[in-house]
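Working notes, structure below.
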Amino acid sequence: MRLVVLGCAGSYPSSTSAASSYLVQADDATGRTWTVLLDHGNGALSALQRYGDPTALDAVALSHLHADHVADLVVLNVLRRYRPDGPLPPVDVWGPSGTAQRLAEMAGKDPATEVDGQFRFRTWDPAAPVRVGPLTLQAVPVNHPVEAYGVRVTGPSDDEPARAVTLAYTGDTDECPGLDQLAASDLLLCEAGFRDGHDDAIRGVHLNGARAGAAAARGGSGRLVLTHLTAWEDPADVLAHARSSYRGDVTVAEPGATYVL
């Protein structure tokens with residue numbers, strides 16, 4: 001199983017990165033590569049064309065419906081729908097309740113960007129994991145001001161296909177039982193959108209570096225990848241705060257980075 005970072009900027013695209021978007025890929029026993037798109041925020045379609053293939057998606061998994069996590073689905077729909085050889089088959093989009101309405105509103109309910117044709121909308125049920133080829137996706141409720149989920153992905157190890165490995169993506173969250181459940185993973189892709197020592201009193205929205213590291217430590221994460229850093233955060237500071245509470249392998253996500261599990 002492989003994780004490809006498309007965009008990792010928090011709240012809005014930065015000068016060097018799109019907003020949140022990631023690819024999870026795994027090969028099945030026949031050698032076919034299955035691809036799940038995790039979130040697709042502002043600017044991420046450009047990165048998807050650079051680091052992936054917008055026409056080869058097997059599912060889309062959305063953590064929540066803030067624009068910096070879903071906005072570029074509207075233009076992904078245009079790319080997939082208006083092709084010289086005709087529209088592509090629809091792809092399943094798993095997300096919170098109201099996903100179809102939210103994207104239609106973002107598209108301005110313009111018939112030229114109608115999102116129903118390219119996407120089959122499915123609502124997450126945390127009690128019902130979703131199978132996509134060799135990958136299993138489980139939505140885990142997390143702590144954010146809107147309905148939000150982390151996504152736990154289980155699939156075959158790239159080096160040992162018979163061995164299952166787990167990637168967990170937090171989406172946006174503060175500390176909560178769901179975060180601790182996600183942290184029990186081989187790789188924790190964890191947001192750190194708040195500044196340590198500056199936003200500490202604001203709760204129920206985002207993690208900071210220290211809280212992300214503490215979650216990874218509690219859950220025994222094999223690796224920690226920090227993402228969703230805002231433009232005013234110094235990645236070196238966030239990394240240092242995470243390392244103060246987590247002694248394992250920790251890095252800051254960058255566009256184009258690939259992590260192999």
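Computation of the quantities below employed the complete heavy-atom set of this structure, encompassing side-chain atoms and omitting hydrogens, waters and symmetry-equivalent molecules.
At least one donor-acceptor pair under 3.5 Å links the side chain of D200 to the backbone N or O of G197. No side-chain donor-acceptor contact under 3.5 Å links N208 to the backbone of D196. Side chain of D39 to backbone of S21: no donor-acceptor contact under 3.5 angstrom is found. D199 places no side-chain N or O within donor-acceptor distance of the main-chain N or O of I202, the cut-off being under 3.5 Å. Side chain of D72 to main chain of A44: a donor-acceptor pair is present (N/O by atom type, distance under 3.5 Å, no hydrogens or angles). The closest donor-acceptor contact from the side chain of N42 to the backbone of P13 lies at 3.5 Å or more, if one exists at all. Remark: side-chain polar atoms of S221 are not paired, donor with acceptor, to backbone N or O of R223 under 3.5 angstrom. With S185 contributing its side chain and L182 its backbone, the two residues share a donor-acceptor pair below 3.5 Å. Side-chain N or O atoms of R81 include none that pairs as donor or acceptor with a backbone N or O of G86 at under 3.5 Å. The backbone N or O of V4 lies less than 3.5 Å from no partner atom in the side chain of T258, so there is not a single donor-acceptor pair.
Once rounded to the nearest 0.5 Å, the distance linking OG1 of T227 with CG of L188 reads 11.0 Å. Between R247 atom CZ and L224 atom CG the span is 13.0 Å, to the nearest 0.5 Å. Note that CH2 of W94 and OG1 of T123 are 8.0 Å apart. Values are rounded to the nearest 0.5 Å. Taking CD of E191 as the start and CG of D172 as the end, the distance is 4.5 Å to the nearest 0.5 Å. We find the CG-OG distance between L38 and S63 to be 8.5 Å, quoted to the nearest 0.5 Å. Note that the CG atom of L207 and the NE2 atom of H241 stand 14.0 Å from one another [nearest 0.5 Å].
Looking at D237 and R195, no side-chain N of the basic residue comes within less than 4.0 Å of a carboxylate O on the acidic one, giving no salt bridge. Between D27 and R2, at least one side-chain N (NZ, or NE/NH1/NH2) sits under 4.0 Å from a carboxylate O, which counts as a salt bridge. Salt bridge present: D58 and R32 bring a charged side-chain N and a carboxylate O closer than 4.0 Å.
For the pair Y149 and P141, the minimum side-chain heavy-atom distance is below 4.5 Å. In this structure, the side chains of H206 and R211 stay at 4.5 Å or more apart for every pair of heavy atoms. Contact of the C8 side chain with the S20 side chain is not registered, since no non-hydrogen atoms from C-beta on lie closer than 4.5 Å. Taking the side chain as every heavy atom from C-beta outward, V165 and L167 never approach each other to under 4.5 Å. Side-chain atoms of P145 and V205, non-hydrogen and from C-beta on, do get closer than 4.5 Å to each other. At least one side-chain heavy atom of L179 sits less than 4.5 Å from a side-chain heavy atom of T170. Looking at L239 and V250, their side chains come closer than 4.5 Å, going by heavy atoms from C-beta outward. For the pair M106/V70, a side-chain contact is recorded, criterion being any heavy-atom separation below 4.5 Å from C-beta on.
Closest of all the heavy-atom pairs between Y246 and A216 is CD1-CB, 3.6 Å. Across all non-hydrogen atoms, the minimal contact from A212 to C190 is CB-SG, 3.6 Å. Across all their heavy atoms, W124 and P96 have their closest contact at CD1-N, 3.8 Å. Contact detail for V238 and A192: the closest heavy-atom pair is CG1-CB, 3.9 Å. Heavy atoms only, all atoms of each residue included: P54 and Q49 are closest at CG-CG, 3.7 Å. When every heavy atom of A26 is checked against every heavy atom of L135, the shortest pair comes out as CB-CD2, 3.6 Å.
Pairs passing the ring pair (Phe, Tyr, Trp, His ring centres under 6.0 Å) check and including a residue from residues 21-45, sequence neighbours excluded, read Y22-Y169.
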- Evaluation steps, side-chain contact (heavy atoms from CB on, under 4.5 Å), between L23 and L3: CA-CA 6 Å; L23 291 178; L3 167 68; over 6 Å; no
- Message: Using side-chain contact (heavy atoms from CB on, under 4.5 Å), reason through L137 and V132 one step at a time and then give a plain yes or no.
- Response: CA-CA 8 Å; L137 283 58; V132 182; 4.2 Å; yes
- Evaluate the side-chain contact (heavy atoms from CB on, under 4.5 Å) criterion for residues T55 and R83: first the C-alpha distance (whole Å), next the side-chain angles of each, then the deciding distance (0.1 Å), finally the verdict. CA-CA 10 Å; T55 71; R83 303 181 61 78; 3.6 Å; yes
- Which is it for L45 and L79 under the side-chain contact (heavy atoms from CB on, under 4.5 Å) test, yes or no, and what are the steps along the way? CA-CA 9 Å; L45 182 56; L79 181 151; 4.1 Å; yes
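When ring centroids are compared, H69 and H144 stay outside the 6.0 Å threshold.
No side-chain N or O of E147 forms a donor-acceptor pair with one of H64 less than 3.5 Å apart. A side-chain N or O of D28 and one of T30 form a donor-acceptor pair less than 3.5 Å apart. Between the side chains of T35 and Q25, at least one donor N or O lies within less than 3.5 Å of an accepting N or O.
Note on L73 and L88: separate hydrophobic clusters, where clusters join Ile, Leu, Val, Met, Phe, Trp and Tyr whose side-chain heavy atoms are under 4.5 Å apart, directly or indirectly. Note on V74: it clusters hydrophobically with F121, by side-chain heavy-atom contacts below 4.5 Å among ILVMFWY residues. Under a hydrophobic clustering in which Ile, Leu, Val, Met, Phe, Trp and Tyr are joined whenever their side-chain heavy atoms come within less than 4.5 Å, directly or via other members, V151 and V130 fall into the same cluster. Note: the hydrophobic cluster containing M1 does not contain L37 (ILVMFWY, side chain heavy atoms under 4.5 Å, direct or indirect links). Cluster annotation: Y259 and L229 are assigned to distinct hydrophobic clusters (Ile/Leu/Val/Met/Phe/Trp/Tyr, side-chain heavy-atom contacts under 4.5 Å, transitive).
More than 12 heavy atoms of other shown residues, nucleotides or ligands fall within 6.0 angstrom of atom CD in E105. For R50, the CZ atom counts as loosely surrounded, since its 6.0 Å shell holds 12 or fewer non-hydrogen atoms of other residues, nucleotides or ligands.
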